[in-house]
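Presented below is the structure to which this report refers.
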Amino acid sequence: MKISKVVFPVGGLGKRFFPITGAIPKEMLGIIDKPLIHYAFEEAVAAGIEEFIFVTRHGKDSIEDYFDYMFSHSEYFNIKMGSVCYVRQNEPLGLGHAVLCAKNLIGNEPFAVMSADDFISHDKSCIGEMIKFYDGSNMAASMNVPRQDVSKYGILDVDCETDRLVVAKSVDEKPSVESAKSTHAIVGRYLLSNEIFDVLSRLKPGAGGEIQLTDALLEMIPSHGLVGFKFEGKRFDCGSKEGLLSAILHVAHKSENLRHVVENFYKGES
Ligand code: UTP
């Protein structure tokens, strides 16, 4: 099934990175020489996505400036400016609310959502692989996490699974370690039916007082199902300091030009 539009929700406060996120959007934090949002954008382009919608807010203008610059340098992205648009989220009311802000730009078709702070390192595009498996059921990237970490994620209650897919009968946002039904966690890549907008517009705040995308996915299971996609590659939670630092070391170590810096550091030579 063709997916031509992606929503990048970039309206979050990034509290875990205060004070730097007081002036710099979390999505503009860098892995070496490119900001997180650039990696997510590249992953979408590699998947054949043609329209890019950023849900942004006050203080995030550097994301727009960055892409203006990138589009004027075709060696980075051979993409027309008109295929990119920005919509504002006036208050950071949660990921579900951010997605709802893109409603009028999506129309009557399924679409992708990508959180730039989930950096996924692999030679194939994670969202591109998901599109190959997409059959119209709502889909989210999924990975196994240690049980003590379940309360950081949306956790699937598994009905059945294959090599690549987990069919969920339920999903719970940030459950306690004791109540989690599995260790299959959702991370920030989604393929969604446009019917999710009706559900999101009626939702009450959930975990953390935010409008949760997970709660909309749960409500839609009877009509649209919910499938976890077991993606390949290494995922880094770059919304956390530990995750961003690990991602920087990972990318540096993969680079022929920078590997020696990481190795020398561990040998105590730098
Ligand atoms: P997070 O759950 O990591 O929240 O958002 P956050 O506010 O960015 O970070 P912390 O927890 O305060 O440190 C996941 C994704 O959803 C976006 C974020 O920008 C990030 O890409 N988001 C979150 C929004 O666009 N709007 C929101 O209201 C909340």
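Counting starts at 1 for both ligands and their atoms, in listed order.
In this structure, Phe111 and Phe197 have parallel ring planes: the angle between them is below the 30° cut-off, well short of the 60° mark. Aromatic ring pairs are classed by plane angle as parallel below 30°, tilted from 30° to 60° and perpendicular above 60°; the pair Phe54 and Tyr86 is parallel.
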For residues 16-27, tabulate all N or O donor-acceptor pairs below 3.5 Å that involve a side-chain atom, not counting sequence neighbours.
| unit_1 | atom_1 | unit_2 | atom_2 | d |
| --- | --- | --- | --- | --- |
| Arg16 | NE | Gly239 | O | 3.4 |
| Thr21 | OG1 | Gly14 | O | 2.8 |
| Thr21 | OG1 | Phe17 | O | 3.3 |
| Thr21 | OG1 | Phe18 | N | 3.3 |
| Lys26 | NZ | Asp117 | OD2 | 2.7 |
| Glu27 | OE1 | Lys60 | NZ | 2.9 |

For residues 162-170, please give each side-chain donor-acceptor pair under 3.5 Å, one per line with the distance, not counting sequence neighbours.
| unit_1 | atom_1 | unit_2 | atom_2 | d |
| --- | --- | --- | --- | --- |
| Thr162 | OG1 | Leu165 | N | 3.1 |
| Arg164 | NE | Lys230 | O | 3.1 |
| Arg164 | NH2 | Lys230 | O | 3.1 |

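Protein residues lining ligand 1, listed by chain and number: Pro9, Val10, Gly11, Gly12, Leu13, Gly14, Lys15, Arg16, Lys26, Glu27, Gln89, Pro92, Leu93, Gly94, Leu95, Ala98, Ser115, Asp117 [non-hydrogen atoms, distance under 4.0 Å].
For residues 96-116, the pairs satisfying side chain to side chain donor-acceptor pair (under 3.5 Å) are Ser4-Glu109, Lys5-Glu109, Gln89-His97, Asn108-Asn194, with sequence neighbours left out.
Aromatic ring centres of Phe67 and Phe52 lie farther apart than the 6.0 Å criterion allows.
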